[in-house]
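Structure first, commentary second.
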Amino acid sequence: MRLPGRRPPGSFFARDPLVVAPELLGKLLVHAPADGEPTAVRIVEVEAYRGSSDPASHAFRGPTRRNRTMFGPPGRLYVYFTYGMHWCANVVCDLPGDAGAVLLRAGEPVFGIDVMQARRPAARRLRDLASGPARLCQALGIDGALDGTDLRAGPVWLRDDGVPPPEAPIVTPRIGLTRGTESSWRWVVGGNLHASRPANGGVSPEGR
DNA sequence: GGTGTGATCGTA
DNA sequence: ACGATCACACCA
């Protein structure tokens with residue numbers, strides 16, 4: 001199978017997650033296993049996490065077995081297990097020395113929709129398929145076995161097919177935190193129905 | 001449309 | 001103990 005779009009250069013990931021996060025909006029996230037059905041979503045919602053300076057980050061208290069991927073090179077997939085049952089995926093992106101990441105919170109299904117629906121029978125509508133960090137992983141078949149995957153080598157890929165990030169994404173505080181709630185480090189494609197929750201109430205820099 | 005709650009377990 | 005969550009029940 002020929003994947004759509006181009007791989008971002010390695011330098012794309014080697015920047016502050018606050019800069020990378022909004023640029024991930026509109027990119028394709030593809031899971032194309034060698035022995036399985038390819039599936040893909042277009043990223044519509046992300047959150048940035050910094051390292052040592054961000055009390056909400058898994059990296060805040062230094063490296064552990066769980067978060068070691070965050071302390072490795074940028075451009076890898078950091079997959080973690082939470083609430084005893086859910087997987088969530090991040091793009092590791094930071095300059096060396098401060099473990100940063102971008103949590104992939106929601107995507108719009110674009111390929112292999114039938115496969116994703118079979119993986120998520122609880123999703124009654126298309127907009128329920130990948131509208132949440134754990135839903136997105138479930139739809140794409142991403143779990144802990146893919147932690148550490150190089151996003152430029154697969155089988156999970158990030159691709160740029162020419163759809164640009166929105167000029168005025170919705171900006172809000174991050175979801176589900178008890179600390180770090182003062183920072184508005186969540187970005188959502190305005191008006192998109194596949195976000196994890198309605199993207200109003202947030203601030204759009206240009207008013208859109 | 002909205003809110004409230006139980007599930008379930010690795011990690012610190 | 002507690003989570004970068006989800007699904008379903010229940011009320012409106």
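Protein chains get the first letters and strands the later ones, always in sequence-line order, with residue 1 at the start of each.
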> Hey, are A/Arg120 and A/Gln138 close enough side-chain-wise for a donor-acceptor pair under 3.5 Å?
Replying inline: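 The answer is yes; a qualifying pair exists.
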> Does the side chain of A/Ser131 come under 3.5 Å of the side chain of A/Arg127 through a donor N or O and an acceptor N or O?
Replying inline: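 The answer is no; no qualifying pair exists.
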Nucleic acid contacts of [range], taken as heavy-atom distances under 4.0 Å to DNA chain C:
{"range": "residues 57-64 of chain A", "result": "A/His58"}
{"range": "residues 120-128 of chain A", "result": "A/Arg120, A/Ala122"}
{"range": "residues 130-152 of chain A", "result": "A/Gly132, A/Pro133, A/Ala134, A/Arg135"}

> Should the heavy atoms of other residues, nucleotides or ligands under 6.0 Å from CD of A/Gln117 be counted, would the total exceed 12?
Replying inline: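 Above 12, so yes.
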Does [X] reach the main-chain N or O of [Y] with its side chain, forming a donor-acceptor pair under 3.5 Å?
{"X": "A/Glu47", "Y": "A/Trp187", "value": "no"}
{"X": "A/Ser57", "Y": "A/Ala59", "value": "yes"}
{"X": "A/Asn67", "Y": "A/Gly62", "value": "yes"}

> Aromatic rings A/His58 and A/Tyr78: how do their planes relate, parallel, tilted or perpendicular, breaks at 30° and 60°?
Replying inline: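 A/His58 vs A/Tyr78 ring planes: perpendicular.
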>> For a stem of at least 3 consecutive Watson-Crick or G-U pairs with distances under 3.5 Å, i pairing with j, i+1 with j-1 and so on, which stems involve DNA chain C?
In response: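 Stems (3+ consecutive pairs) listed as B:1-7 with C:5-11, B:9-11 with C:1-3.
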Any [X] side-chain heavy atom under 4.5 Å of [Y] side chain:
{"X": "A/Leu24", "Y": "A/Leu158", "answer": "yes"}
{"X": "A/Arg7", "Y": "A/Asp160", "answer": "no"}
{"X": "A/Arg186", "Y": "A/Val171", "answer": "no"}

> Of all nucleotides in DNA chain C with an atom under 4.0 Å from a non-hydrogen atom of chain A, which is the first and which the last going 5' to 3'?
Replying inline: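 So the contact region on DNA chain C extends C/dG3 to C/dA7.
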> If you round to the nearest 0.5 Å, how far is CZ of A/Arg76 from OG1 of A/Thr69?
Replying inline: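 Nearest 0.5 Å value for the OG1-CZ distance: 8.0 Å.
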Run the side-chain donor-acceptor check on residues 97-115 of chain A: report pairs under 3.5 Å with partners two or more places apart or on a different chain.
unit_1: A/Asp98; atom_1: OD1; unit_2: A/Ser52; atom_2: N; d: 3.0
unit_1: A/Asp98; atom_1: OD1; unit_2: A/Ser52; atom_2: OG; d: 3.4
unit_1: A/Arg105; atom_1: NE; unit_2: A/Glu45; atom_2: OE2; d: 2.7
unit_1: A/Arg105; atom_1: NH2; unit_2: A/Ser196; atom_2: OG; d: 3.2
unit_1: A/Glu108; atom_1: OE1; unit_2: A/Asn192; atom_2: ND2; d: 3.0

Please name all residues satisfying side-chain contact (heavy atoms from CB on, under 4.5 Å) with [X], sequence neighbours left out, ordered by chain then number.
{"X": "A/Arg179", "result": "A/Pro55, A/Arg61"}
{"X": "A/His86", "result": "A/Thr82, A/Tyr83, A/Ala134"}
{"X": "A/Ala56", "result": "A/Tyr49, A/Asp54, A/Arg174, A/Leu177"}

> Going by side-chain heavy atoms closer than 4.5 Å, which hydrophobic residues are tied to A/Val19, directly or by a chain of links?
Replying inline: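 Result for A/Val19 is none, singleton.
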>> Heavy atoms within less than 4.0 Å of DNA chain B: which residues of residues 82-107 of chain A have one? Give them sorted by number.
In response: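 Hits under 4.0 Å, by residue number: A/Tyr83, A/Gly84, A/Met85.
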> According to the ring pair (Phe, Tyr, Trp, His ring centres under 6.0 Å) rule, which pairs have a member within residues 7-37 of chain A, sequence neighbours left out?
Replying inline: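 Listed by first then second residue: nothing to list.
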